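Encoded as structure tokens, the structure appears first; notes follow it.
Labels below follow one simple rule: chain letters A, B, ... track the order of the sequence lines, proteins then strands, and each chain is numbered from 1. Here the structure is a predicted model, which is why all the values come from computation and not from measurement.
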Number of protein chains: 2
Amino acid sequence: MDTKSRIMEESFKLFLKKGFVDVSLNEIRKASNITTGGFYYHFDSKDTLLVAVIEKYIFNYFNSTIRQIRDFEGTPKEKLKTVILSIIGETQLSESSEKIDYRTLHLLLMEGVKKYEIISKHYTEFYYNLLNFIRDVLDDGAAQDIIRRDIDSTELATFIQTSMVGTVLMWIAMPEMPIENRMNSNIDHLWNYITK
Amino acid sequence: MDTKSRIMEESFKLFLKKGFVDVSLNEIRKASNITTGGFYYHFDSKDTLLVAVIEKYIFNYFNSTIRQIRDFEGTPKEKLKTVILSIIGETQLSESSEKIDYRTLHLLLMEGVKKYEIISKHYTEFYYNLLNFIRDVLDDGAAQDIIRRDIDSTELATFIQTSMVGTVLMWIAMPEMPIENRMNSNIDHLWNYITK
DNA sequence: TAAAAAAAACATAATAGTCGGTATGTTTAA
DNA sequence: TTAAACATACCGACTATTATGTTTTTTTTA
């Protein structure tokens, strides 16, 4: 792996563990085995690094996951379940085999959303991406005559998305209940409601 | 107002605006019109201050809101709608008339949850408190023969809570859609599902 | 009830340490 | 020979905190 990627990956791991502001450039340097000069050759600032890291390891991953599930063969219900569990579930760091706890990732994301306009923009874009995905799945299900047509699919998609996103936050608040259980239970109820 | 309360209120405002770590003691001192000695007379450290502020201005407020809505006369549906809108909606700083944007409050809360075990504990407790409230409302509705009985009320309450909490996060992600609209739409769908 | 003592409520000054960032030097590859 | 890819040394600004001094209020005592 080249130096820049190494810096980004090690920083990402540190950010997840301690949060952005609580990781100093010294720590980043040590973890990446590089000196100050080396770091500033690749990045203009610590902030630039954070934005790059979040774009690469979070949003790229999120959006490519949605893309994959779009091509995924399965029932609409399976697709809905899979997309969110893929994102939330056992995220994996590229190349290495380390698993990431989504909860810490979410907290890092919130930190970025608060501090940087560009991350906030990416965040919004991702949710529109997810919303469109859910709506397409619903439209597909309606075409297959599985899903009710009396409610506008965008509104239904919004309802479903809200519930799925809530699952994440509840997982942070009440971690003792496994995410899979909560997700399965929620999707089952949603499914009862949206199917004919 | 006494000095300690003044420090806490001014700090809370600063924390909401910039986040905890980005507010220095110097800023707190200036805003509260106090010196270093004065500050450290009332608080052991900056961290102690944050915990005190979050306990007082967030969790006290949250939990007392739930208590109020418990006594609130109204239909189960109104109660559900009111409790979350009261918490999320136009929160108000004690004494002063300044309105708080819940989104910034949520981000501050996440910062605290990440950094301090005690805040994380309060956070979990609050969500159990909310869950119990929702379940009681549902049980009440079932007793009035409004709400279906074929699903366990705890599971139904969990489903509803997840959706409500998701509403908050969606509001952060997609702020252009007003929280009231989203909440009303979601509650209507939930209601269709849980009523007989 | 006035003086004395004690405690509370601050104010001032200083400190050690860390922070992100810069300027410049050196090595390596094209 | 030139530019990329680093390394070294350094810096001023700022950080939370401490130690100590001063003022104000409360309590105790004569």
Picking from C/dA11, D/dA5, D/dA16, the nucleotide nearest the side-chain atoms of B/T35 would be C/dA11
Could you check how far CE of B/M1 sits from C1' of C/dA9, rounded to whole Å? 18 Å
Nucleotide nearest B/L25 when distance is taken to its side chain, options D/dA16, C/dA11, C/dG21: D/dA16
Would you say C/dC10 has OP1 or OP2 under 4.0 Å from some side-chain N or O of B/H42? yes
Residue-phosphate contact under 4.0 Å: B/S45 side-chain N/O, D/dA16 OP1/OP2: no
Please report, rounded to the nearest Å, how far the P atom of D/dA4 is from the OH atom of A/Y41. 6 Å
Compare the minimum distances between each of D/dA5, C/dG20, D/dA16 and the side chain of A/S24, then state the nucleotide with the smallest one. C/dG20
Assign B/T36 to base, sugar-phosphate, or nothing according to its heavy-atom contacts below 4.0 angstrom with the strands shown. base
Regarding A/V21, tell me which of base, sugar-phosphate or nothing describes its non-hydrogen contacts under 4.0 Å with the strands shown. nothing
Six-ring centre of A/Y41, A/K4 cation under 6.0 angstrom, axis tolerance 45°: no
C/dG21 OP1/OP2 closer than 4.0 Å to side-chain N/O of A/Y40: yes
So, B/S5 versus B/D2: side-chain donor-acceptor pair below 3.5 Å or not? yes
B/Q144 and B/D140: side chain donor to acceptor below 3.5 Å: yes
Which of the following nucleotides, D/dT17, C/dG20, D/dT15, is nearest to the side chain of B/N26? D/dT15
Cationic tip of A/K46 above A/F20 ring, under 6.0 Å, 45° of axis: yes
Could you tell me how far apart A/R29 (CZ) and D/dA7 (P) are, to the nearest whole angstrom? 9 Å
Of A/G37 and A/V23, the one whose nearest nucleotide on DNA chain C sits closer to the 5' end is A/V23
